[in-house]
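See structure below.
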Amino acid sequence: MIGQLSQRLSGLWPAGGRRGQVARRGQGAEALPVRLSSRTYAGTRPVPVRQLGFDQHLLWVCIALLAWGLVMVYSASIALPDNPRFANYAHTHFVLRHGVAIGIGLVAAMVAFQIPMKEWERLAPWLFAISLVLLVLVLLPGIGKGVNGARRWIPLGLLNFQPSELAKLAVLIYAADYMVRKMEVKEHFFRAVAPMAVALGIVGMLLLAQPDMGAFMVIVVIAMGILFLGGVNARMFFLISVVVVAAFSIMIMMSEWRRERIFAYLDPFSAEHALGKGYQLSHSLIAFGRGEIFGVGLGGSVEKLHWLPEAHTDFLLAVIGEEFGLLGVLTLIALFLWLTRRIMLIGRQAIALDKVFAGLVAQGVGLWVGFQAFINIGVNLGALPTKGLTLPLMSYGGSAILLTLVALAIVLRVDYENRQLMKGGRP
């Protein structure tokens, strides 16, 4: 009986029958066809998995922030021509200029991505020197453009270039290159830190002459962060931090209008400050209050209708809070937290691959984006004193968009070279 059963089974599956055909198909050029329900999906040749050249998620988060910022700049600035100050402007003036800045920034970012990190390391001193020259030129009458008592821009036709934004990137790359060169003496305070302190002092004097204390704060944080991540002695780093905090405190105490900003921040709704230094902050808080949890809807902001000054630049988050509510603000904060964390991980990975300069540059960009976003969000929410720093990738401002996109392109380049090394190739 067992013999008969085996013969029947062998008749169902002959050696040269379907089983053999399937086996031969699996070994041949064609793959095994798949049948689901009444449909048959023809087999195809195996295709090798395509490895991505850089972090696609990082790229898409940046694009999402750019797109959201473009929409919000239009929403926040559409009513500005109703103000006599902007009577000659079209309703699309600011959003079109913002779009042009994004376009120029994307082209510059694609160019920056093509430059190997070895070239950025070689160009670090020259880039720092160029930024110093531009910081001097912007102070000269006839070259620099003054707005509201500050001389920070050089007119270039399509956009007003702000040298302080270039200084952020230049100091970042220079500090990373400096730490690589001083790696052997990083435990000696004066030999490792003093030259960098002199360079920061020169940049600081030029920025405070504009005046632009906000940009100087960001540059100091970037430089200090790179020194710390580069391995400077922790006790020395603590000493530097104390000196920096003391220096900024003295600058605030010696400046009357900076002291007024601090007092206005402490009580923006008082009769003394509500129509003065606390005016922006008070209306920013009103905007967040109107937005509640879900917001009043895109375009429905009231505070942008000539109540909240600079709604499309420094206080764009207040308009987002009013139109998208608490959920919109939390989403924005989550995006910046993820972006900062991802950039720092790329930098850490580069250092693990023995690419110290590239790793420090990437982590410096993470500090730049994260710290500036933190300051802007804190100012808009009333958690920090008012300071003229834009929201990265979102606020209106051609130079800020341009240099931030270039910096992020450099991070993508670092990630690209990391992946090339991990695949056994050459960056």
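Positions are given from 1, in the same order as the sequence printed here.
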Check whether any side-chain heavy atom of [X] sits under 4.5 Å from a side-chain heavy atom of [Y], and report yes or no.
| X | Y | result |
| --- | --- | --- |
| Val379 | Asp314 | no |
| Leu367 | Leu229 | yes |
| Val365 | Ile410 | no |
| Leu393 | Leu405 | yes |
| Leu134 | Val138 | no |
| Leu227 | Met179 | yes |
| Leu66 | Ile401 | yes |
| Val73 | Met394 | no |

Please name the pair of heavy atoms, one in [X] and one in [Y], separated by the smallest distance, quoted to 0.1 Å.
| X | Y | result |
| --- | --- | --- |
| Ala358 | Ala350 | C-CB, 4.3 Å |
| Ser301 | Lys304 | OG-N, 3.4 Å |
| Tyr174 | Ala199 | CE2-CB, 4.4 Å |
| Ser131 | Ala170 | OG-CB, 3.6 Å |
| Thr340 | Gly366 | CG2-O, 3.5 Å |
| Ala167 | Leu135 | CB-CD1, 4.1 Å |

Measure the [atom1]-[atom2] distance between [X] and [Y] for me, rounded to the nearest 0.5 Å.
| X | Y | atom1 | atom2 | value |
| --- | --- | --- | --- | --- |
| Leu59 | His57 | CG | NE2 | 11.0 Å |
| Asn418 | Ile346 | CG | CD1 | 7.5 Å |
| Leu316 | Asn380 | CG | CG | 8.0 Å |
| Leu345 | Leu58 | CG | CG | 11.0 Å |
| Leu305 | Ile78 | CG | CD1 | 10.0 Å |
| Ile222 | Ile173 | CD1 | CD1 | 10.5 Å |

Task: Selection residues 294-351 - residue pairs positive for ring-ring contact (aromatic ring centres under 6.0 Å, His included), sequence neighbours left out - done: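 ring-ring contact (aromatic ring centres under 6.0 Å, His included) check on residues 294-351 returns Trp68-Phe324, Phe94-His312, His283-Trp307, His312-Tyr396.
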TODO: Kindly state each residue pair satisfying ring-ring contact (aromatic ring centres under 6.0 Å, His included) with at least one member in residues 359-388, sequence neighbours excluded.
DONE: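 Checked against ring-ring contact (aromatic ring centres under 6.0 Å, His included) - neighbours excluded - no pair reaches residues 359-388.
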TODO: Starting from the C-alpha separation in whole Å, work towards a yes-or-no answer on side-chain contact (heavy atoms from CB on, under 4.5 Å) for Leu137 and Val133.
DONE: CA-CA 6 Å; Leu137 290 178; Val133 171; 4.0 Å; yes
TODO: Check the side chains of Gln210 and Ser164 for a donor-acceptor pair under 3.5 angstrom, ignoring hydrogens and angles.
DONE: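 No, Gln210 and Ser164 have no side-chain donor paired with an acceptor closer than 3.5 Å.
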TODO: Scan side-chain atoms only and decide if Gln349 and Lys355 contain a donor-acceptor pair under the 3.5 Å cut-off.
DONE: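 Looking only at side-chain atoms, Lys355 and Gln349 do not form any donor-acceptor pair under 3.5 Å.
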Within the side chain of [X], is there an N or O that forms a donor-acceptor pair under 3.5 Å with the backbone of [Y]?
| X | Y | result |
| --- | --- | --- |
| Asn160 | Trp153 | no |
| Ser395 | Thr313 | yes |
| Ser282 | Tyr279 | yes |
| Gln280 | Pro309 | yes |
| Lys145 | Arg151 | no |
| Ser399 | Gln162 | yes |
| Asn376 | Leu389 | yes |

Task: Lys/Arg-Asp/Glu bridge criterion (N-O < 4.0 Å) met for Glu121, Lys118 - done: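 Lys118 and Glu121: not salt-bridged.
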With [X], which residues qualify under side chain to side chain contact (heavy atoms under 4.5 Å, CB included), at least two apart?
| X | answer |
| --- | --- |
| Leu330 | Leu326 |
| Ala129 | none |
| Pro125 | Asp177 |

Open item on the list: Under the rule for salt bridge (Lys or Arg N to Asp or Glu O under 4.0 Å), what residues qualify as partners of Arg290, not counting sequence neighbours?
Closed with: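 Testing Arg290 for salt bridge (Lys or Arg N to Asp or Glu O under 4.0 Å), a comparison that skips the adjacent residues, returns Glu322.
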TODO: Could you check Glu165, Lys168, Met213 and say which one makes a side chain to side chain contact (heavy atoms under 4.5 Å, CB included) with Val218?
DONE: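 Looking at Glu165, Lys168, Met213, the match for Val218 under the side chain to side chain contact (heavy atoms under 4.5 Å, CB included) is Lys168.
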Open item on the list: Is there a side-chain contact (heavy atoms from CB on, under 4.5 Å) between Val329 and Phe288? Walk through the geometry before answering.
Closed with: CA-CA 9 Å; Val329 174; Phe288 284 111; 3.9 Å; yes
Open item on the list: Pair Arg152, Leu207 - check side-chain contact (heavy atoms from CB on, under 4.5 Å), show working.
Closed with: CA-CA 9 Å; Arg152 304 175 185 173; Leu207 287 173; over 6 Å; no
- [ ] For side-chain contact (heavy atoms from CB on, under 4.5 Å), just list the numbers for Leu106 and Ile102, CA-CA rounded to whole Å, side-chain angles, deciding distance to a tenth of an Å, and then say yes or no.
- [x] CA-CA 6 Å; Leu106 290 175; Ile102 291 176; 4.0 Å; yes
Task: More than 12 heavy atoms from other groups under 6.0 Å of CG on Leu156 - done: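 It does: Leu156 CG has more than 12 such atoms within range.
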